[in-house]
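Lettering of chains follows the sequences in order, A, B, ..., and the numbering in each one begins at 1. In what follows, every heavy atom counts, from backbone to side chain, and hydrogens, waters and symmetry copies are set aside.
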Protein chains: 2
Amino acid sequence: MATRPQPGDASSRSRGPRTRSRASHSLESVLAAAVAILDESGAQRLTIRALAARLGGGVASVYWYVSGRDELLDLAADSVLGGVLEAVADIGDGDPIDNLRTIAVTMFDAIVDRPWLGAYVLRDTATQIHSLQLYELIGEQVMRLELTPRQSFHATSAVVGFVIGTAADMGQEPPEAVVSGEMSKEEYMAGATAQWRALDAARFPYIHHIIDEFDGHDDRDQFIGGLDLLLTGLRLQAER
Amino acid sequence: MATRPQPGDASSRSRGPRTRSRASHSLESVLAAAVAILDESGAQRLTIRALAARLGGGVASVYWYVSGRDELLDLAADSVLGGVLEAVADIGDGDPIDNLRTIAVTMFDAIVDRPWLGAYVLRDTATQIHSLQLYELIGEQVMRLELTPRQSFHATSAVVGFVIGTAADMGQEPPEAVVSGEMSKEEYMAGATAQWRALDAARFPYIHHIIDEFDGHDDRDQFIGGLDLLLTGLRLQAER
DNA sequence: ACCTGAACACCGTTCAAGT
DNA sequence: ACCTGAACACCGTTCAAGT
């Protein structure tokens with residue numbers, strides 16, 4: 001990150017009225033526009049051309065700020081985690097497990113409505129400072145449980161893996177039909193439920209056992225249910 | 001899946017010497033070739049053209065078997081899970097938690113060496129039968145713990161989310177430099193470790209606390225460490 | 001029923017040139 | 001230092017035609 005020039009960081013030109021013969025951006029404005037497109041239309045629709053058009057400039061100008069599409073996604077994902085970090089930065093010295101729960105839920109809330117995020121979050125800590133800081137923050141709460149370094153490492157990774165995995169799974173990039181708007185998300189879910197109900201009960205006893213729970217379930221409750229299992233295991237390890 | 005014709009399923013023409021003026025495929029051969037390319041070169045390199053070339057035919061023939069690139073990836077991922085399913089199908093009626101551990105570790109082993117898998121596994125149970133069956137199998141073990149349907153649903157989702165999240169995170173699609181071969185995976189990891197060691201110890205106490213564990217750590221140990229926390233929590237819930 | 005080559009409408013990225 | 005338009009080398013997908 002620090003290896004690239006970062007215009008707009010503390011520069012004099014921050015947004016004043018200029019001659020305006022050419023478009024003028026900054027890393028932040030590029031990332032903000034990228035996140036906006038991502039949130040509105042998903043990763044598939046974030047093309048360099050679409051981004052340039054939204055910024056009102058030419059395609060090549062984007063490459064002044066990022067090395068390519070991959071880094072653009074990495075930085076866009078990291079900028080969202082920056083918001084999470086800000087929200088939990090002053091988490092305080094209450095019960096560490098409670099703090100972990102708070103951090104995890106905040107992350108979940110940020111990721112679940114952004115199907116595109118899962119694949120790019122915490123991918124490269126060299127580029128993604130906020131990701132690194134968030135990982136550190138989670139680790140610091142785990143450290144307070146006074147486990148061995150190895151246990152701390154495993155526990156921190158587990159929390160991060162669980163959050164990202166579950167949130168990414170739940171907020172998955174929906175199928176083309178939903179993206180294109182020819183089918184609503186509700187219709188899609190209703191279809192999935194119907195398909196499950198139609199399964200042979202003898203071959204799929206579990207599916208039938210939980211189908212009523214699945215139908216109309218709340219993703220957040222589901223996430224917290226699993227998270228609490230993990231945190232219970234962690235608490236037990238710490239108390240031993 | 002059953003909505004599409006499946007040539008080669010139980011058909012008479014299974015691979016006999018033919019006139020051979022044209023290439024001839026089957027869903028299985030198409031998926032096998034796709035998985036081979038995926039394993040060798042990653043998702044980015046699996047182009048329809050590369051796949052057709054490997055099959056020795058034209059591009060358009062692929063579209064006879066799959067509706068597009070997305071479904072190709074879905075089915076390729078599901079075919080790998082088919083192998084996992086086969087390996088654990090006769091898991092037996094031993095301790096359910098032990099069984100869950102076995103299934104999870106088998107899944108982990110299959111996913112971790114396939115960075116491309118994480119993003120496509122368990123995405124659409126309408127297309128991915130093996131994924132559905134594996135989900136069912138995990139759920140059946142959880143059912144034996146005799147929790148409420150809601151608890152069962154949450155626990156099953158948690159196990160699946162943890163496995164996929166952690167494995168996907170660990171086996172991430174490596175950066176371009178590694179894919180293209182200009183940098184080895186070891187060099188990349190060594191670089192990451194060095195970068196972490198260089199961080200300010202006052203601002204990153206956790207990173208420094210675990211850096212020796214991170215350096216040269218075994219992904220599998222790390223996965224199992226986290227998994228056991230989750231399963232401990234689950235066992236406790238079941239015993240209550 | 002299954003395969004083909006060519007064509008279409010895109011992409012990400014680069015580059016020489018501008019300001 | 002930052003932006004531009006045009007060009008390059010690709011893509012996924014479709015289609016009319018073949019066998």
Side-chain angles (χ1 to χ4, degrees), chain A residues 4-16 18-30 33-34 37 41-76 175-177 179-180, chain B residues 4-16 18-30 33-34 37 41-76 175-177 179-180:
Chain A
R4 197 181 327 288
Q6 294 205 38
D9 260 358
S11 89
S12 49
R13 163 201 51 68
S14 61
R15 186 48 55 91
R18 302 180 71 222
T19 29
R20 268 293 164 192
S21 59
R22 310 191 301 173
S24 169
H25 320 310
S26 67
L27 216 214
E28 293 90 65
S29 65
V30 169
I37 294 176
S41 334
Q44 223 175 120
R45 301 279 234 264
L46 176 66
T47 64
I48 304 292
R49 283 161 220 264
L51 178 60
R54 192 183 191 105
L55 290 165
V59 269
S61 68
V62 171
Y63 289 86
W64 181 260
Y65 297 95
V66 295
S67 66
R69 190 176 184 273
D70 264 2
E71 190 178 272
L72 176 66
L73 266 305
D74 278 347
L75 291 176
E176 243 313 288
V179 172
S180 65
Chain B
R4 197 182 328 288
Q6 294 204 38
D9 261 358
S11 89
S12 48
R13 163 205 47 73
S14 63
R15 186 48 54 92
R18 304 179 70 223
T19 29
R20 267 294 163 193
S21 58
R22 312 190 301 171
S24 169
H25 322 309
S26 67
L27 216 214
E28 294 88 65
S29 65
V30 169
I37 294 176
S41 332
Q44 223 173 120
R45 303 279 234 262
L46 175 67
T47 64
I48 304 291
R49 283 160 220 265
L51 178 60
R54 192 184 191 104
L55 290 165
V59 269
S61 68
V62 172
Y63 289 86
W64 180 259
Y65 297 95
V66 295
S67 66
R69 190 176 183 273
D70 265 2
E71 191 179 272
L72 175 67
L73 267 304
D74 277 348
L75 290 176
E176 243 314 288
V179 173
S180 64

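The CG atom of A:Leu51 sits 8.0 Å away from atom NE2 of A:His25, with the distance rounded to the nearest 0.5 Å. Distance check: B:Thr47 OG1 to B:Arg69 CZ gives 8.0 Å after rounding to the nearest 0.5 Å.
When the C1' atom of C:dC11 is taken as reference, atom CG of A:Asp70 falls 14 Å away, rounded to whole Å. Between B:Gln44 atom CD and C:dC11 atom P there is a gap of 17 Å when expressed in whole angstrom units. Atom CD in A:Glu71 sits about 14 Å away from atom C1' in C:dT13, given to the nearest Å. When the P atom of D:dC11 is taken as reference, atom CD1 of B:Ile37 falls 11 Å away, rounded to whole Å. For A:Leu46 and C:dC11, the CG to C1' distance is 12 Å, given to the nearest whole Å. Put simply, CG on B:Leu27 is 11 Å from P on C:dC2, counting in whole angstrom units.
Between B:Asp74 and B:Val66, every side-chain heavy-atom pair lies at or beyond the 4.5 Å cut-off. Taking the side chain as every heavy atom from C-beta outward, A:Ile48 and A:Tyr63 approach each other to under 4.5 Å. With a 4.5 Å cut-off on side-chain heavy atoms, A:Val30 and A:Leu75 do not count as touching.
With sequence neighbours excluded, the residues that form a salt bridge (charged side-chain N to carboxylate O under 4.0 Å, His left out) with A:Arg54 are A:Glu40. Checked against side chain to side chain contact (heavy atoms under 4.5 Å, CB included), B:Ala53 has no partners two or more places apart in sequence or in another chain.
For B:Leu55 against B:Ala33, the heavy-atom pair with the smallest separation is CD2-CB, 3.8 Å. Of all heavy-atom pairs spanning B:Gly58 and B:Ala52, the tightest one is O-CB, 3.5 Å. Among all heavy-atom pairs drawn from A:Leu72 and A:Ala34, the shortest one is CD1-CB, 4.0 Å.
If you check C:dG12, C:dC3, D:dC3 against the side chain of A:Trp64, the one that comes closest is D:dC3. Out of C:dC2, D:dC3, C:dT13, the shortest distance to the side chain of A:Ser61 is found at D:dC3.
In the region residues 48-57 of chain B, proximity to DNA chain D at under 4.0 angstrom, judged on heavy atoms, holds for B:Ile48, B:Arg49.
Nearest-nucleotide assignment on DNA chain C puts the 5′-proximal partner with B:Gly58, out of B:Gly58 and A:Thr47.
Between A:Tyr65 and D:dC3, a side-chain N or O to OP1/OP2 separation shorter than 4.0 Å is present.
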Polar atom pairs (N or O), protein with nucleotides 14-18 of chain D, under 3.5 Å:
residue, atom, partner, partner atom, Å
D:dG18, N2, B:Arg22, NH1, 2.2

Checklist entry - Given pairs defined as Watson-Crick or G-U wobble with both distances under 3.5 Å, what dot-bracket annotation applies to DNA chain C, with ( ) intrastrand, [ ] crossing, | other strand and . unpaired? => result ||.|||||...|||||.||
